[in-house]
A.B. asks: 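Let me begin by handing over the structure; questions about it come next.
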Amino acid sequence: MTDIREYLRDHVLIFDGAFGTYYSQRIDQASGSCELANVDHPDLVGEIHREYLIAGAQALKTNTFGAYASLVGGPEKQAEIIWKGLSLAEEALRDYRELDSAPGNRPVYIFADLGPAPGDTPEQKAEQYIKAAELFLQAGAKHFLFETQTVTDGLVEAARYIKKQRPDAFILVSFGVLPDGYSTAGQFYRQMILEALESGYVDLAGLNCVSSPGHMAKLLGKLPEELLLRIAAMPNAGYPVVRGFRTFFDGSAKYFQGTMKRFLDMGIRVLGGCCGTTPDYIRGLAELAADQVVVPHDYTSPYQGEGENPREGEAYHGTINRLLTKLRRGKRVIAVELDSPRNAELDRFMEGAKRLQAAGVDTLTIADCPIAQARMDSTLLACKVKRELDLDVIPHMTCRDRNVNATKALLLGGHAEGIRNVLVITGDPIPTAERDEVKTVYQFNSRKLMSFVSSLNQEEFHPDPYGIFGALNVNAKNFSVELDRAKEKMENGCMGFLTQPVLTEQAIQNLKQAKAELEGAYILAGLIPVISERNGRFMDQEINGISVPEEMIESFHGLDREQGEALGRKYVNDIYHEIKEYTDGVYLMTPFQRIGLMEGIVRDLLQE
């Protein structure tokens with residue numbers, strides 16, 4: 001059979017359609033994962049493969065999209081599904097070849113198909129991909145498709161493994177993104193495609209699923225012309241509708257065929273269909289491509305052995321962001337956190353912000369519903385402060401309460417209102433008693449959300465991007481793990497950290513270590529004045545991330561309010577002198593909205 005790279009040089013390659021949605025139409029009693037049909041309904045699996053082949057498909061995906069041990073019932077079941085899935089596709093191809101109507105000169109390629117791997121970290125995902133790929137390689141697979149991916153985590157590692165085991169393997173990686181180009185994990189399609197192709201291990205990359213042909217064509221049409229020759233497009237039939245408890249695709253095969261012509265006109269020569277695309281859709285697509293004349297192109301594998309080909313990018317260093325400009329010039333900054341109101345009354349908050357601005361703070365930070373209790377939205381309030389006071393504000397943004405669409409919408413609105421910095425954090429969990437009524441989102445973790453903001457900076461906000469800050473818990477019991485997470489945050493676009501309060505000797509030592517290891521990151525050391533014995537004990541025992549030394553707590557015993565504030569102010573100044581050389585500024589937290597106390601502390605710091 002003609003090698004796939006040689007075939008692509010002069011031809012368009014047509015993939016089959018969506019096995020899963022077509023299978024669900026064909027069998028009412030289907031239950032569990034579609035992949036189990038390889039074992040439970042092998043005759044139907046083979047029949048569906050043959051229908052797509054008869055319709056004109058030249059690339060057949062195995063029915064193994066979710067063939068991961070944790071999803072199908074364990075390693076033994078995974079191996080059975082993968083081996084059976086590959087053999088059913090091969091058997092269907094043999095049966096098709098025996099048909100009188102089958103053209104004898106048309107090559108057909110079988111692709112080992114894998115969807116997103118389970119796992120919370122890139123390492124866990126890579127392990128799952130490699131295990132599945134190993135089973136496919138043992139069964140004789142040569143062509144691989146990693147489809148409907150929302151992140152690049154683990155994909156390059158898996159492709160590297162496959163190429164080292166079988167250098168002539170052909171690897172296609174395809175991403176599923178919304179019509180605006182972002183995946184549900186907040187990754188931008190262009191960045192993911194480039195990362196895959198520039199790794200040196202991936203032969204083709206592209207888009208599939210989620211978007212309709214029209215929206216996908218708009219996205220791919222924005223890619224450089226020379227890149228389109230290494231792009232695959234496999235859109236959905238359209239957008240689904242729900243009737244009762246079932247999902248249907250009511251798109252038109254004729255419309256799909258007409259819209260797919262746009263991809264051929266761009267020069268894309270690997271086409272197929274995803275959800276809702278039955279054999280009728282693929283038949284129209286094959287007819288469309290039959291007479292397509294393509295410009296010869298060399299598809300020699302980019303894999304050249306053991307070498308690496310990392311991609312490097314340059315961060316934008318503009319001067320519009322006043323806070324970052326000051327940090328980049330080596331000037332120390334003072335940030336003060338002020339909690340937003342629990343109700344609609346703003347006078348006290350705005351008066352406090354004015355007083356802190358007059359005292360000389362560089363920026364105000366506003367927490368995003370701390371302790372998972374609803375307060376006035378931090379970003380909307382930041383917009384008001386920026387607009388009315390022209391004071392720089394860093395709104396906190398948690399992963400807890402918003403999905404990717406709501407997050408993007410908020411970032412777009414904040415940017416339009418002049419917000420240029422954001423503190424990205426995971427967010428406090430909702431108290432147990434409220435979980436049945438108040439639902440968390442957590443579509444992101446803090447690192448993924450930072451990556452999302454970073455991608456928006458490149459695609460939407462350049463050359464006036466957001467400054468991305470993160471949290472650093474200097475009171476973490478296992479600080480080495482905290483540092484590793486901080487480094488991952490920097491890899492995802494974080495440029496600085498606001499730390500939890502520094503009150504103990506261990507926190508000071510951790511801060512020193514962070515400054516030494518987080519090279520290039522700005523660090524604003526958290527400082528909070530303890531104001532009473534009760535306040536200190538409450539923070540130590542009941543607020544996550546804060547540790548207060550017992551001797552400090554006891555030193556407030558018997559003090560009145562004025563004496564307590566004076567002692568708290570002294571502790572802040574003493575700690576500041578000890579940590580100053582390891583920081584780029586301070587992040588002051590206001591206890592009980594005591595603006596007068598914070599004004600005094602800010603004056604002390606500015607006198608240094």
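The figures that follow rest on heavy atoms only: side chains count, while hydrogens, waters and symmetry mates do not.
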A.B. asks: Taking all heavy atoms of T398 and all of D368, pick out the closest pair and write down the distance.
C.D. replies: N-OD2, 3.0 Å
A.B. asks: Please report the interatomic distance OH(Y68) to CD1(I81), rounded to the nearest 0.5 Å.
C.D. replies: 12.5 Å
A.B. asks: Looking at every non-hydrogen atom in both residues, tell me the closest pair between A525 and I579 and how far apart they are.
C.D. replies: CB-CD1, 3.5 Å
A.B. asks: Under the 3.5 angstrom rule, does the side chain of Q357 hit a backbone N or O of L389 as a donor-acceptor pair?
C.D. replies: yes
A.B. asks: Charged N to carboxylate O below 4.0 Å: is that the case for K487 and E517?
C.D. replies: yes
A.B. asks: Nearest 0.5 Å, what's the CD-OH distance between E157 and Y129?
C.D. replies: 10.5 Å
A.B. asks: Would you say T590's side chain and E337's backbone share a donor-acceptor pair under 3.5 angstrom?
C.D. replies: yes
A.B. asks: Is the number of heavy atoms from other residues, nucleotides or ligands within 6.0 Å of CD (E519) greater than 12?
C.D. replies: no
A.B. asks: Tell me, do N510 and T499 make a side-chain contact under 4.5 Å, heavy atoms counted?
C.D. replies: no
A.B. asks: So do the side chains of L518 and L483 get within less than 4.5 Å of each other, counting heavy atoms only?
C.D. replies: yes
A.B. asks: Has N321 got a side-chain atom pairing as donor or acceptor with R420's backbone, closer than 3.5 angstrom?
C.D. replies: yes
A.B. asks: Does L207 form a side-chain contact (heavy atoms from CB on, under 4.5 Å) with L220? I'd like the steps, not just the answer.
C.D. replies: CA-CA 8 Å; L207 300 179; L220 294 180; 3.6 Å; yes
A.B. asks: Kindly say whether V548 contributes a backbone atom to a donor-acceptor pair with the side chain of D540 at under 3.5 angstrom?
C.D. replies: yes
A.B. asks: If we ignore hydrogens and angles and just use 3.5 Å, is the side chain of R402 paired with the main-chain N or O of A409 as donor and acceptor?
C.D. replies: no
A.B. asks: Test side-chain contact (heavy atoms from CB on, under 4.5 Å) on F452 and V424; report intermediate values, then the result.
C.D. replies: CA-CA 11 Å; F452 179 50; V424 174; over 6 Å; no
A.B. asks: Can you measure from CG (L605) to CD1 (I334) and round to the nearest 0.5 angstrom?
C.D. replies: 5.0 Å
A.B. asks: List the atom of I366, the atom of S340, and the distance in Å for their closest heavy-atom pair.
C.D. replies: CG2-CB, 3.9 Å
A.B. asks: Please report the C-alpha distance between S455 and R190 in whole Å, then the side-chain angles of each, then the deciding distance to 0.1 Å, and finally whether the side chain to side chain donor-acceptor pair (under 3.5 Å) criterion is met.
C.D. replies: CA-CA 10 Å; S455 65; R190 185 184 300 140; over 6 Å; no
A.B. asks: Charged N to carboxylate O below 4.0 Å: is that the case for D377 and K384?
C.D. replies: no
A.B. asks: Is there a donor-acceptor pair closer than 3.5 Å between any side-chain N or O of S378 and the backbone N or O of H396?
C.D. replies: yes
A.B. asks: Does the side chain of T365 reach to within under 4.5 Å of the side chain of L423, using non-hydrogen atoms?
C.D. replies: no
A.B. asks: Is it true that D392 and K386 have a side-chain N and a carboxylate O under 4.0 angstrom from each other?
C.D. replies: yes
A.B. asks: Does the side-chain contact (heavy atoms from CB on, under 4.5 Å) test come out yes or no for N208 and L145, once each step is laid out?
C.D. replies: CA-CA 11 Å; N208 78 287; L145 169 62; over 6 Å; no
A.B. asks: Could you check E482 against N478 for side chain to side chain donor-acceptor pair (under 3.5 Å), going step by step and ending with a plain yes or no?
C.D. replies: CA-CA 7 Å; E482 183 74 8; N478 191 341; over 6 Å; no
A.B. asks: Output the distance between atom OG1 (T152) and atom CD1 (I193), rounded to the nearest 0.5 Å.
C.D. replies: 12.0 Å
A.B. asks: Under the rule for side-chain contact (heavy atoms from CB on, under 4.5 Å), what residues qualify as partners of S451, not counting sequence neighbours?
C.D. replies: Q187, N492
A.B. asks: State whether a side-chain donor-acceptor pair under 3.5 Å links E195 with Q191.
C.D. replies: no
A.B. asks: Considering non-hydrogen atoms only, spot the tightest contact between A521 and K515 and give its length.
C.D. replies: O-NZ, 3.7 Å
A.B. asks: Does L503 reach the side chain of I528, with side-chain heavy atoms less than 4.5 Å apart?
C.D. replies: yes
A.B. asks: Run the side-chain contact (heavy atoms from CB on, under 4.5 Å) check on N236 and S212 step by step: do they pass?
C.D. replies: CA-CA 5 Å; N236 284 347; S212 67; 5.9 Å; no
A.B. asks: Are side-chain heavy atoms of L511 and F479 found at a separation under 4.5 Å?
C.D. replies: no
A.B. asks: Please tell me if the side chains of L338 and M598 come closer than 4.5 Å, counting only heavy atoms from C-beta onward.
C.D. replies: no
A.B. asks: What is the distance from atom NZ of K489 to atom CZ of R447, rounded to the nearest 0.5 Å?
C.D. replies: 7.0 Å
A.B. asks: So does N445 get a backbone contact from the side chain of T426, meaning a donor-acceptor N/O pair under 3.5 Å?
C.D. replies: no
A.B. asks: Taking the inter-plane angle between the rings of F461 and H415 on a 0 to 90° scale, is it parallel (under 30°), tilted (30 to 60°) or perpendicular (over 60°)?
C.D. replies: parallel
A.B. asks: Around R485, counting heavy atoms of other residues, nucleotides and ligands shown, do more than 12 lie under 6.0 Å from its CZ?
C.D. replies: no
A.B. asks: Under 4.0 Å between a side-chain nitrogen and a carboxylate oxygen: does that hold for D362 and R322?
C.D. replies: no
A.B. asks: Which heavy-atom pair separates P341 from L381 by the least distance, and what is that distance?
C.D. replies: CD-CD2, 3.8 Å
A.B. asks: Under 3.5 Å, is there a donor-acceptor pair between the side chain of Y576 and the main chain of L527?
C.D. replies: no
A.B. asks: Mind listing the closest non-hydrogen atom pair of F469 and L324 along with its distance?
C.D. replies: CZ-CD2, 3.8 Å
A.B. asks: Evaluate the side-chain proximity of L364 to F349: yes if any heavy-atom separation is below 4.5 Å, no if none is.
C.D. replies: yes
A.B. asks: Supply the atom-to-atom distance M234 CE to K61 NZ, rounded to the nearest 0.5 angstrom.
C.D. replies: 6.0 Å
A.B. asks: Does the R160 side chain pair with the main chain of G200, one donor and one acceptor, at a distance under 3.5 Å?
C.D. replies: no
A.B. asks: Scan side-chain atoms only and decide if Q500 and N475 contain a donor-acceptor pair under the 3.5 Å cut-off.
C.D. replies: no
A.B. asks: Check whether any side-chain heavy atom of L178 lies under 4.5 Å from a side-chain heavy atom of V404, and answer yes or no.
C.D. replies: yes
A.B. asks: Checking E35 side chain against T64 main chain: does a donor-acceptor pair fall under 3.5 Å?
C.D. replies: no
